[in-house]
Amino acid sequence: MISGGGKCNFTNKFVSPDHYLSKNPHFCKSALARLKPDDVLAAFKNAGIPFSEREDGKFFANSAENVRNHLLSRAKKAGALFRFKEDILNLEPLNAGFRISCKTQTVNAAKVLVSTGSPACPAAGGNSFGFKLAKKLSINVIAPEPALVPLRFPENPLVDFSGLAGISLDVKIKCSKKSCSAPLLFTHKGISGPAVLTVSLYHDGAAPLSIDFFPEGSLAAHLKTLKENKDKRKISSVLCDFFPQRLALRFAALLPDEKKSAPLAEIPDKLFFKLENTLKNFPFPFAGTEGFEKAEVAKGGIDTKEINSATMESERVPGLYFSGEVLDVTGEVGGYNLHWAWASGTAAAFGVLKSLR
Ligand SMILES: Cc1cc2nc3c(=O)[nH]c(=O)nc-3n(C[C@H](O)[C@H](O)[C@H](O)COP(=O)(O)OP(=O)(O)OC[C@H]3O[C@@H](n4cnc5c(N)ncnc54)[C@H](O)[C@@H]3O)c2cc1C
């Protein structure tokens, strides 16, 4: 279980299939209906794990370590045995059950649940084991791609983006399939932050994105009012009222040379509207992502068309179950992916129990 910043955004009150991407959009419905955000909150409350609600329905535990420790101790109490630092190298279906081969031992199991995650964030152990295993067993895998991932700057952006790292502001970003209003963060190599990460999930990997740097109201109307009120400042200073200073100066540079540092009074209204139009529909050609290294998740994964949505059991290999990120179900930023891990894991657990009865 991986979560950022030492905290753990473990669920979201708006969990619903609309916040998940999959080639088979109906697949997640059954598991999400079985385990709702309130069930997860109740479980955390019963476990005595402090948590709080933040913006956009996100629930954070005070410490990811607490969550991990609680899960470990509950599993141990239920009789689970752990083998840490013992990678599974192979899994082989037998006439009845499976043989699991590790480096130092071999284990036979009647049922196997694969929840090996994805290649996202290899520094934290992300790898493609689950996909390789699936392919070996002739289970279809939808090619994984980095998602919830920063995007690289295009080669010739409309304004010079260098030197803006650390600046964060509220924007609205649109790609062909989704628009998202949330903060954008400039990095050394590109753009990140919740708005960008969310759009990276839905982006087709080719079409240009469009960024609205002034999502609330009309910049031109504000500038006109200031001009009418005889504001004596230069446009570059006035733009600092609306944007972080370093960015405001880059935006001022979009004006014709003779107007870039002119006082507001000398700038015709039509240039205000032209600037507004550019900033509200700022083209951001797609120039690639920062890859699995920087991705929080992978989109794609085990094709759910051959997985039972109520039990997570493979139809092709009975007795083999999948849960979590290894499946082709990927959530948006905001606790949706951990919720999917809980929900699909719960469905799989009930599926295994039912089949053993
Ligand atoms: C930096 C970061 C921050 C994130 N923050 C959040 C967040 O706050 N909220 C949220 O909802 N989501 C977050 N996510 C996404 C979320 O962590 C994952 O979607 C979720 O953990 C997936 O759970 P999982 O159990 O399917 O896989 P994982 O949590 O990836 O666990 C897979 C496990 O399988 C093990 N494994 C793999 N191969 C083998 C093998 N061959 N043998 C033995 N073990 C193996 C791995 O070591 C790993 O421990 C974040 C992801 C990252 C990278």
Side-chain angles (χ1 to χ4, degrees), residues 1-15 19-22 28 31-32 37 40 44 51-52 54 56-65 67-68 71-72 75 82-91 100-105 107 109 112-134 136 144 146-150 192 194 197-198 200-201 290-302 312 321-349:
M1 197 196 81
I2 302 165
S3 73
K7 309 276 179 206
C8 179
N9 181 194
F10 62 93
T11 189
N12 191 300
K13 80 172 172 204
F14 300 119
V15 162
H19 295 279
Y20 293 88
L21 180 76
S22 171
C28 62
L32 295 180
V40 178
F44 274 58
F51 60 81
S52 55
R54 293 203 202 154
D56 302 326
K58 296 173 188 165
F59 282 95
F60 278 81
N62 65 339
S63 131
E65 206 178 336
V67 179
R68 184 202 56 193
L71 292 174
L72 280 175
F82 289 92
R83 298 274 183 278
F84 294 117
K85 303 206 163 124
E86 180 77 90
D87 279 1
I88 292 167
L89 304 177
N90 196 18
L91 179 125
I100 303 165
S101 309
C102 305
K103 206 170 168 190
T104 61
Q105 59 186 311
V107 181
V112 172
L113 169 59
V114 178
S115 46
T116 47
S118 78
C121 198
N127 68 49
S128 300
F129 176 78
F131 304 147
K132 287 185 191 147
L133 176 73
K136 223 181 84 188
L148 307 192
V149 62
S192 185
L197 299 185
T198 299
S200 76
L201 174 62
E290 293 211 22
F292 283 121
E293 301 290 324
K294 290 283 159 82
E296 286 195 7
V297 293
K299 56 182 165 183
I302 306 285
M312 302 292 145
Y321 298 73
F322 293 93
S323 75
E325 209 185 304
V326 75
L327 287 163
D328 170 35
V329 176
T330 314
E332 295 176 0
V333 176
Y336 294 100
N337 285 297
L338 282 177
H339 189 94
W340 173 245
W342 315 137
S344 55
T346 303

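Atoms within a ligand are numbered from 1 in the order they appear, just like the ligands themselves.
Looking only at distances, a side-chain donor or acceptor of Glu86 sits under 3.5 Å from a matching main-chain atom of Lys103. Proximity of a side-chain donor or acceptor of Trp342 to a complementary backbone N or O of Phe10 within less than 3.5 Å is detected. Within the 3.5 Å criterion, the main-chain N or O of Leu148 finds a donor-acceptor partner in the side chain of Ser200. When atom types are taken as modelled, the side chain of Glu325 and the backbone of Ala341 share no donor-acceptor pair closer than 3.5 angstrom.
One distance of note links OG1 of Thr198 with OH of Tyr336; it measures 9.0 Å at 0.5 Å rounding. Annotation: the span from Asp328 atom CG to Ser118 atom OG amounts to 12.0 Å, rounded to 0.5 Å. One finds the OG atom of Ser323 at 8.0 Å from the CE atom of Met312 (value rounded to the nearest 0.5 Å).
Here is the list of ligand 1 atoms found below 4.0 Å of a heavy atom in Gly324: 26 (O). Heavy-atom proximity to Cys121, at under 4.0 Å, picks out these atoms of ligand 1: 53 (C). Set against the non-hydrogen atoms of Tyr336, the atoms of ligand 1 under 4.0 Å away are 11 (O). Those atoms of ligand 1 with a heavy atom of Leu338 less than 4.0 angstrom away are 9 (N), 10 (C), 11 (O), 12 (N), 20 (C), 21 (O). Here is the list of ligand 1 atoms found below 4.0 Å of a heavy atom in Phe129: 38 (N), 41 (N). Under a 4.0 Å criterion applied to the non-hydrogen atoms of Asn127, ligand 1 contributes the atoms 37 (C), 38 (N). Listed by number with element, the atoms of ligand 1 under 4.0 Å from a non-hydrogen atom of Asn337 are 11 (O), 12 (N), 19 (O).
At least one side-chain heavy atom of Pro119 sits less than 4.5 Å from a side-chain heavy atom of Phe131.
Taking any N or O of Ala295, backbone or side chain, none lies under 3.5 Å from an N or O belonging to ligand 1. Of the polar atoms of Glu325, at least one N or O is found under 3.5 Å from an N or O of ligand 1, judged by distance alone. Among the atoms of Glu86, none of the N or O lies under 3.5 angstrom from an N or O of ligand 1.
For Ser115, the closest heavy-atom approach to ligand 1 falls below 4.0 Å. Ligand 1 has at least one atom lying under 4.0 Å from a heavy atom of Gly335.
For the residues Gly125, Gly301, Cys102, the heavy atom positioned nearest atom 47 (O) of ligand 1 is part of Gly125. The nearest non-hydrogen atom to atom 30 (O) of ligand 1, considering only Gly117, Ser344, Ser128, Ala123, comes from Gly117. Among Val329, Thr116, Val326, the residue whose heavy atom sits closest to atom 36 (N) of ligand 1 is Thr116.
For Lys132 and Asn127, the side-chain atoms include no donor-acceptor pair closer than 3.5 Å.
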List the steps and the verdict of side chain to side chain contact (heavy atoms under 4.5 Å, CB included) for Ser192 and Leu197. CA-CA 6 Å; Ser192 185; Leu197 299 185; 3.8 Å; yes
